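Beneath this line is the structure, given in structure tokens, with notes to follow.
Just so we're on the same page: letters track the sequence lines, and every chain starts at 1. Computed from heavy atoms alone, side chains included, the values below leave out hydrogens, waters and symmetry copies. Bear in mind that the values here come from a model prediction, so they are computed numbers and not experimental data.
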Protein chains: 2
Amino acid sequence: MSQEQSQRMQSMCESAKAHVDDLLVLLSKSKMLSTLYVMNCDPDPMRFSEIKKRVDSSSTTVARRLGELEAHGLVTRTAYATVPSTVEYTLTRDAIALQPSLESMFEWVLNRADSSL
Amino acid sequence: MSQEQSQRMQSMCESAKAHVDDLLVLLSKSKMLSTLYVMNCDPDPMRFSEIKKRVDSSSTTVARRLGELEAHGLVTRTAYATVPSTVEYTLTRDAIALQPSLESMFEWVLNRADSSL
DNA sequence: GAGACAGGTTACAACCTTGTTACAAAAGAA
DNA sequence: TTCTTTTGTAACAAGGTTGTAACCTGTCTC
């Protein structure tokens with residue numbers, strides 16, 4: 001392999017690493033796993049207030065998490081011109097692909113929480 | 001159900017919730033998922049410096065994460081009286097049970113990182 | 001006009017977390 | 001004697017994150 005190719009390869013790997021890190025940082029944010037989990041539990045679109053209630057956090061944090069998920073293409077935000085306002089969030093196909101991992105992870109968490117009681 | 005029973009039930013549920021939250025907070029700490037992942041990749045005990053290198057973080061952070069994992073019974077720390085010192089970390093059975101979830105989660109992350117290149 | 005509702009945003013103080021630097025211990029090598 | 005190694009720990013400044021409180025929109029109701 002030429003030095004040029006090797007450099008291109010390395011920069012590609014580093015780019016991939018950056019994307020992986022980016023996703024891990026995203027998933028590691030507070031309430032992020034919970035948010036994805038509660039949205040996974042119900043296949044229907046979910047409203048802001050419902051997510052906030054289930055995740056049990058402040059508006060600010062829930063809004064931030066949902067914004068980040070939307071920015072990463074993991075949720076879709078749909079606003080309806082009702083009064084008072086209605087906004088629905090849906091997981092994208094990409095996020096749904098993560099469902100099985102999250103589910104078995106939460107099963108593990110629940111088992112572990114059970115046995116430590 | 002008596003009110004007393006209901007109260008006991010509720011406090012049990014809240015205790016479970018606290019444990020779940022505790023685990024989610026643990027898993028959400030920076031480099032935690034990476035740490036578990038790199039340790040999962042290799043079934044052999046792993047030394048501190050090797051984990052640090054693979055996780056790519058400061059000694060302080062790696063030591064903190066490993067300490068937290070040990071405190072939660074997810075890794076075992078074994079020190080050998082060599083010079084210079086040798087310390088090996090191993091995932092516990094509990095942590096190994098989490099392996100499949102983590103693996104498919106990382107697969108998802110890698111796929112996603114790939115397609116965003 | 002005032003209040004209520006959903007779904008936020010903004011500002012900010014308080015708190016949490018991180019990496020850096022310095023240090024330690026123990027024993028063999030130079 | 002001083003250097004080297006591994007595996008950390010302590011202290012601290014810099015930066016990041018959180019919740020709270022205040023505010024906003026737009027319309028229907030009282």
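- Residues B:Ala113 and A:His19 approach most closely at CB-CB, 3.6 Å, considering heavy atoms.
- With sequence neighbours left out, B:Arg47 forms a side chain to side chain donor-acceptor pair (under 3.5 Å) with no residue at all.
- Scanning atom types as modelled, one donor and one acceptor separated by under 3.5 angstrom connect the side chain of B:Thr60 and the base of C:dT20.
- In this structure, A:Met46 CE and A:Thr90 OG1 are separated by 10.0 Å, a value rounded to the nearest 0.5 Å.
- Between the side chain of A:Thr86 and the backbone N or O of A:Tyr80 there is no donor-acceptor pair closer than 3.5 Å.
- Atom CG of B:Leu24 and atom NZ of A:Lys31 lie 8.5 Å apart (nearest 0.5 Å).
- Sorted by first and then second residue, the salt bridge (charged side-chain N to carboxylate O under 4.0 Å, His left out) pairs with a member in residues 87-110 of chain B read A:Arg112-B:Asp94; sequence neighbours excluded.
- In summary, contact between chain A and DNA chain D, defined as any nucleotide atom under 4.0 Å from a heavy atom of the protein, begins and ends at D:dT17 to D:dT27 in the 5' to 3' direction.
- In the hydrophobic clustering of this structure, B:Val38 groups with B:Ile96; members are Ile, Leu, Val, Met, Phe, Trp, Tyr whose side-chain heavy atoms approach within less than 4.5 Å, directly or through other members.
- DNA chain C is contacted by B:Lys29, B:Ser30 of residues 23-33 of chain B, taking any non-hydrogen atom closer than 4.0 Å.
- Between B:Leu27 atom CG and A:Ser28 atom OG the span is 9.0 Å, to the nearest 0.5 Å.
- Taking A:Ser101 as the reference, A:Leu98, B:Ser104, B:Met105 meet the side-chain contact (heavy atoms from CB on, under 4.5 Å) condition, with sequence neighbours excluded.
- With contacts defined as side-chain heavy-atom distances shorter than 4.5 Å, the pair B:Leu26/B:Leu74 qualifies.
- Within the helix from C:dG1-D:dC30 to C:dA30-D:dT1, the inter-axis angle between the opening and closing five-pair segments is 30°, rounded to 10°.
- Taking OG from B:Ser34 and CD1 from B:Ile51, the interatomic distance works out to 12.5 Å, rounded to the nearest 0.5 Å.
- A:His72 contributes atom NE2, which lies 12.0 Å from atom OG1 of A:Thr92 (distance to the nearest 0.5 angstrom).
- Residues from residues 34-56 of chain B that place a heavy atom under 4.0 Å from any atom of DNA chain D, listed by number: B:Arg47, B:Phe48, B:Ser49.
- Checked against side-chain contact (heavy atoms from CB on, under 4.5 Å), B:Tyr37 has the following partners two or more places apart in sequence or in another chain: B:Cys41, B:Phe106.
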Could you list the donor-acceptor pairs under 3.5 angstrom formed by side chains in residues 60-69 of chain B, with sequence neighbours left out?
unit_1: B:Thr61; atom_1: OG1; unit_2: B:Ser58; atom_2: OG; d: 3.3
unit_1: B:Arg65; atom_1: NE; unit_2: B:Glu68; atom_2: OE1; d: 2.7
unit_1: B:Arg65; atom_1: NH1; unit_2: B:Ser30; atom_2: O; d: 2.9
unit_1: B:Arg65; atom_1: NH1; unit_2: B:Ser30; atom_2: OG; d: 3.3
unit_1: B:Arg65; atom_1: NH2; unit_2: B:Glu68; atom_2: OE2; d: 3.4

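- Note on B:Val25: it does not cluster hydrophobically with B:Leu102, by side-chain heavy-atom contacts below 4.5 Å among ILVMFWY residues.
- For residues 35-46 of chain B, the pairs satisfying salt bridge (charged side-chain N to carboxylate O under 4.0 Å, His left out) are B:Asp42-B:Arg54, with sequence neighbours left out.
- The stretch residues 63-76 of chain A comes close to DNA chain D through A:Arg64, A:Arg65, each having a heavy atom under 4.0 Å from the strand.
- Residues from residues 77-90 of chain A with heavy atoms under 4.0 angstrom of DNA chain C, sorted by number: A:Arg77, A:Pro84, A:Ser85, A:Thr86, A:Val87, A:Tyr89.
- Taken from CH2 in A:Trp108 to CD in B:Gln99, the straight-line distance is 12.5 Å, to the nearest 0.5 Å.
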